S.K.: 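One structure, as structure tokens, below. Some questions next.
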Amino acid sequence: MTERANNKVILLVEDNPDDEALALRALKRHHIGNEIVIARDGVEALDYLFGTGKYLDRDINNKPSVILLDLKLPRVDGLEVLRRLREDPRTRFLPVVVLTTSSEEGDVLDSYSLGCNSYIRKPVDFVQFSEAIRQLGMYWLLMNEPPPV
């Protein structure tokens with residue numbers, strides 16, 4: 001990855017320790033050396049993004065370049081996190097990639113209607129999962145031009 005990509009933060013919102021470890025392993029395997037912030041439930045993700053709770057002192061102007069969002073989360077689910085992000089002008093345009101095991105048609109439709117940028121089912125196979133993470137990193141960290149907000 002280039003220097004331009006390395007200074008961008010990835011917010012990984014994932015409650016499953018095994019999926020978290022796989023994602024981190026895949027990022028490392030493909031030399032995506034960006035800072036990874038991990039939120040293990042929807043409340044923690046919202047606190048990070050809006051500078052509340054344990055992130056009260058965080059500069060919310062330092063936004064993640066991409067959010068990898070699981071849907072099935074404790075306390076506040078991924079769809080509600082997405083809804084709140086899109087309702088707030090400060091986070092409305094953040095790229096959100098839903099990365100989930102859910103294959104329910106309703107989850108796909110709800111995710112897109114709430115404004116996700118992409119919906120990816122987590123492959124069970126590590127090689128496929130690793131390749132999906134590599135492609136996500138290449139696109140969202142190097143190729144995508146974010147809005148000037």
Side-chain angles (χ1 to χ4, degrees), residues 5 8-28 30 32 34-149:
K8 296 180 176 183
V9 172
I10 298 168
L11 176 59
L12 174 63
V13 187
E14 177 59 68
D15 66 315
N16 182 314
D18 293 333
D19 288 348
E20 175 189 324
L22 282 176
L24 294 175
R25 186 172 152 211
L27 289 164
K28 184 177 181 179
H30 294 293
I32 299 172
N34 301 68
E35 178 184 353
I36 312 296
V37 174
I38 299 167
R40 293 184 175 89
D41 62 48
V43 171
E44 192 175 341
L46 292 168
D47 283 349
Y48 176 80
L49 292 163
F50 294 115
T52 56
K54 73 178 188 181
Y55 295 102
L56 195 57
D57 295 332
R58 192 181 90 73
D59 179 3
I60 62 170
N61 293 314
N62 293 331
K63 295 177 177 52
S65 294
V66 65
I67 301 168
L68 304 179
L69 179 65
D70 190 13
L71 290 184
K72 309 300 183 195
L73 298 168
R75 302 201 301 164
V76 173
D77 71 20
L79 290 174
E80 182 60 23
V81 170
L82 185 55
R83 179 179 292 109
R84 292 186 195 178
L85 291 178
R86 295 308 187 231
E87 288 174 350
D88 192 297
R90 298 171 295 173
T91 56
R92 180 171 293 143
F93 297 115
L94 288 177
V96 176
V97 176
V98 172
L99 188 59
T100 184
T101 56
S102 175
S103 59
E104 296 175 33
E105 188 175 296
D107 284 343
V108 177
L109 291 171
D110 289 345
S111 296
Y112 278 112
S113 70
L114 290 170
C116 82
N117 298 89
S118 183
Y119 189 102
I120 298 174
R121 284 191 194 90
K122 295 176 192 170
V124 178
D125 174 79
F126 176 73
V127 173
Q128 290 177 327
F129 183 76
S130 179
E131 180 58 19
I133 293 293
R134 184 192 70 77
Q135 289 178 17
L136 284 171
M138 293 296 293
Y139 180 78
W140 291 107
L141 301 171
L142 290 175
M143 299 174 69
N144 183 57
E145 183 69 33
V149 178

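We count residues from 1, following the sequence as given. None of the values given here were measured: they were computed from a predicted structure.
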S.K.: Looking at E44 and R40, would you say the former's side chain and the latter's main chain have a donor-acceptor pair under 3.5 Å?
M.R.: yes
S.K.: May I have the step-by-step check of side-chain contact (heavy atoms from CB on, under 4.5 Å) for L24 and I38, ending in yes or no?
M.R.: CA-CA 10 Å; L24 294 175; I38 299 167; 3.8 Å; yes
S.K.: Working to the nearest 0.5 angstrom, can you tell me the gap between E87 CD and L114 CG?
M.R.: 8.5 Å
S.K.: Which pair of heavy atoms, one from R92 and one from R86, lies closest together, and at what distance?
M.R.: O-NH1, 2.9 Å
S.K.: Can you tell if the side chain of L71 reaches within under 4.5 Å of the side chain of S111, non-hydrogen atoms only?
M.R.: yes
S.K.: CD1/I67 to CD1/I10 distance, rounded to the nearest 0.5 angstrom?
M.R.: 11.5 Å
S.K.: Yes or no on side-chain contact (heavy atoms from CB on, under 4.5 Å) for Y48 and V9, after CA distance, side-chain angles and deciding distance?
M.R.: CA-CA 12 Å; Y48 176 80; V9 172; 3.8 Å; yes
S.K.: If the plane angle is over 60° it's perpendicular, under 30° parallel, otherwise tilted; pick one for Y119 and Y112.
M.R.: tilted
S.K.: Considering non-hydrogen atoms only, spot the tightest contact between D41 and R75 and give its length.
M.R.: OD2-NE, 3.1 Å
S.K.: If you round to the nearest 0.5 Å, how far is CG of D77 from CG of D15?
M.R.: 11.0 Å
S.K.: Could you check whether atom NZ of K72 has more than 12 heavy atoms from other residues, nucleotides or ligands sitting under 6.0 Å from it?
M.R.: yes
S.K.: Can you see which heavy atom on I32 is nearest to which on I133, and at what distance?
M.R.: CD1-O, 4.0 Å
S.K.: Please walk me through it: do E80 and R83 pass salt bridge (charged side-chain N to carboxylate O under 4.0 Å, His left out)?
M.R.: CA-CA 5 Å; E80 182 60 23; R83 179 179 292 109; 2.5 Å; yes
S.K.: Would you find a donor on one side and an acceptor on the other, under 3.5 Å apart, between the side chain of S113 and the backbone of D110?
M.R.: yes
S.K.: Test the R90-F50 pair against the cation-pi criterion, namely NZ or CZ under 6.0 angstrom from the six-membered ring centroid and within 45° of the ring axis.
M.R.: no
S.K.: Between L73 and V13, does the side-chain contact (heavy atoms from CB on, under 4.5 Å) criterion hold? Intermediate values first, please.
M.R.: CA-CA 8 Å; L73 298 168; V13 187; 3.5 Å; yes
S.K.: Measure across L85 and V96 and return the closest heavy-atom pair with its distance rounded to 0.1 Å.
M.R.: CD1-CG2, 3.9 Å
S.K.: Show the nearest heavy-atom pair for residues H30 and S130, with the distance to one decimal.
M.R.: NE2-OG, 2.7 Å
S.K.: Closest approach of K122 and E14, non-hydrogen atoms and distance?
M.R.: NZ-OE1, 2.5 Å
S.K.: Keeping the roles fixed (side chain from D47, backbone from Y55), state whether a donor-acceptor pair exists under 3.5 Å.
M.R.: no
S.K.: For a side-chain contact (heavy atoms from CB on, under 4.5 Å) check, start with the C-alpha distance between E131 and V127, then their side-chain angles and the critical distance, and finish with the verdict.
M.R.: CA-CA 6 Å; E131 180 58 19; V127 173; 5.7 Å; no
S.K.: Among L69, I36, V66, find the residue that satisfies the side chain to side chain contact (heavy atoms under 4.5 Å, CB included) test when tested with L12.
M.R.: I36
S.K.: In the structure I gave you, are the side-chain heavy atoms of L79 and D107 within less than 4.5 Å of one another anywhere?
M.R.: yes
S.K.: Using 0.5 Å steps for rounding, measure from the CG atom of L136 to the CG atom of L68.
M.R.: 6.0 Å
S.K.: Could you give the distance from CG (L49) to CZ (R58), rounded to the nearest 0.5 Å?
M.R.: 6.5 Å
S.K.: Rounded to the nearest 0.5 Å, how far does CD1 of I120 lie from CZ of F129?
M.R.: 9.5 Å
